[in-house]
Amino acid sequence: MHATLQLKRLEHGKDLPLPAYQSELAAGLDLLAAVDDPVILAPGQRALVPTGLSMALPAGFEAQVRPRSGLAAKHGVTVLNTPGTIDADYRGEVKVILINLGDAPFEITRGERIAQMVIAPVLQAEITEVAVLSDTERGVGGFGSTGRN
Ligand SMILES: O=c1ccn([C@H]2C[C@H](O)[C@@H](COP(=O)(O)OP(=O)(O)OP(=O)(O)O)O2)c(=O)[nH]1
């Protein structure tokens with residue numbers, strides 16, 4: 001499957017490199033922090049971090065903002081709303097909601113790789129309201145109803 005992603009560097013992100021796939025089969029594009037000054041995230045604190053980028057995805061695609069495993073494993077820093085959804089018709093700045101779940105303050109510096117973005121196809125379903133749903137073997141339940149694990 002092929003898709004062209006149009007990226008626009010905003011004024012405050014002009015000096016930062018464009019996201020690029022780091023290996024032939026990489027799924028994610030790293031997103032960089034376009035903060036002017038370092039931001040300190042105290043334990044339990046969150047921040048809306050600018051990337052200095054806006055974009056135009058082709059119709060039928062979304063971008064998912066996901067955590068980087070290194071930040072999570074080493075510092076407990078992750079993306080609060082993971083996966084964040086970037087809609088194909090969104091033209092504002094892409095931002096990352098980082099949260100520090102670790103036990104030490106974490107400093108976000110300009111140009112640091114804070115998250116990754118995965119481009120994925122989207123299916124918009126046709127919505128039909130019904131009074132009765134079709135029967136299935138499973139039926140209702142869920143939320144652990146089949147056992148402890
Ligand atoms: O991690 C994220 C999630 C979203 N967005 C941008 C792109 C997305 O298309 C737009 C709206 O996102 P969402 O639908 O999740 O937000 P909302 O809280 O429903 O806001 P809105 O009322 O603006 O739709 O915000 C980001 O930049 N980063």
Side-chain angles (χ1 to χ4, degrees), residues 1-131 133-134 138 140-145:
M1 196 181 298
H2 177 266
T4 300
L5 172 64
Q6 295 181 345
L7 291 173
K8 180 180 171 189
R9 272 186 284 199
L10 302 172
E11 212 45 56
H12 59 283
K14 278 267 161 36
D15 59 313
L16 296 174
L18 271 183
Y21 292 106
Q22 295 302 310
S23 71
E24 193 195 342
L25 297 178
L29 296 155
D30 283 333
L31 292 173
L32 311 181
V35 290
D36 291 331
D37 300 310
V39 172
I40 310 277
L41 273 190
Q45 203 183 3
R46 63 180 183 268
L48 190 57
V49 185
T51 64
L53 281 177
S54 56
M55 65 174 66
L57 286 152
F61 290 85
E62 61 155 339
Q64 299 178 1
V65 180
R66 302 190 193 172
R68 293 189 60 227
S69 61
L71 286 184
K74 290 182 195 157
H75 304 285
V77 170
T78 188
V79 176
L80 179 59
N81 59 328
T82 186
T85 305
I86 312 291
D87 301 282
D89 54 2
Y90 178 71
R91 296 291 178 272
E93 181 174 14
V94 173
K95 295 184 182 177
V96 177
I97 309 170
L98 281 186
I99 184 161
N100 182 359
L101 300 179
D103 47 19
F106 180 77
E107 186 179 69
I108 305 165
T109 54
R110 184 171 182 81
E112 179 165 6
R113 295 180 295 157
I114 49 170
Q116 59 184 320
M117 191 170 68
V118 171
I119 311 302
V122 165
L123 179 73
Q124 271 197 351
E126 187 187 326
I127 311 298
T128 312
E129 190 181 23
V130 295
L133 297 171
S134 60
R138 163 180 270 270
V140 294
F143 310 102
S145 65

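Note that ligands are numbered from 1 as they come in the structure, with each ligand's atoms numbered from 1 the same way. The structure displayed is predicted, hence computed values, not measured ones.
Using a 4.5 Å heavy-atom threshold, the side chains of Leu98 and Ile108 count as touching. The shortest distance between side-chain heavy atoms of Arg9 and Leu18 falls below 4.5 Å.
Listed by number with element, the atoms of ligand 1 under 4.0 angstrom from any heavy atom of Glu93 are 27 (O). Listed by atom number, the atoms of ligand 1 under 4.0 Å from Thr85 heavy atoms are 3 (C), 4 (C), 5 (N), 7 (C), 8 (C), 9 (O), 12 (O). Of all atoms in ligand 1, listed by their number and element, those nearer than 4.0 Å to a heavy atom of Val94 are 27 (O). Distances below 4.0 Å separate heavy atoms of Gly84 from the following atoms of ligand 1: 1 (O). Every atom of ligand 1 is numbered from 1 in the order shown, and the set under 4.0 Å from a heavy atom of Asn81 is 1 (O), 2 (C), 3 (C).
Heavy-atom neighbours of Glu11 CD from other residues, nucleotides or ligands within 6.0 Å: at or below the threshold of 12. Dense packing is recorded around CZ of Arg91, with more than 12 heavy atoms of other residues, nucleotides or ligands lying under 6.0 Å away. Within 6.0 Å of the CZ atom in Arg110, the count of heavy atoms belonging to other residues, nucleotides or ligands exceeds 12. Open room surrounds CG on Asp103; 12 or fewer heavy atoms of other groups in view lie less than 6.0 Å from it.
Remark: of the listed residues Leu31, Val39, Leu71, Val49, Leu71 is the sole one forming a side chain to side chain contact (heavy atoms under 4.5 Å, CB included) with Glu112. Among Val96, Val65, Leu16, Leu32, the single residue meeting the side chain to side chain contact (heavy atoms under 4.5 Å, CB included) criterion with Thr51 is Val96. The side chain to side chain contact (heavy atoms under 4.5 Å, CB included) test with Arg68 is passed by exactly one of Thr78, Asp30, Val79: Asp30.
When Ile97, Leu31, Ile86, Leu80 are checked for heavy-atom proximity to atom 26 (C) of ligand 1, Ile86 turns out nearest.
For atom 24 (O) of ligand 1, no protein non-hydrogen atom is found at a distance below 4.0 Å. Within a 4.0 Å radius of atom 28 (N) of ligand 1, the protein contributes one or more non-hydrogen atoms. Protein heavy atoms are absent from the 4.0 Å sphere centred on atom 18 (O) of ligand 1. For atom 5 (N) of ligand 1, a protein non-hydrogen atom is found at a distance below 4.0 Å.
Counting protein heavy atoms only, atom 2 (C) of ligand 1 is closest to Lys95 O, 3.6 Å. Closest to atom 9 (O) of ligand 1, if we only count protein heavy atoms, is Asp87 OD2, 2.5 Å.
Residue contacts with ligand 1: Tyr90 is placed with no nitrogen or oxygen under 3.5 Å of a nitrogen or oxygen of the ligand (distance criterion only).
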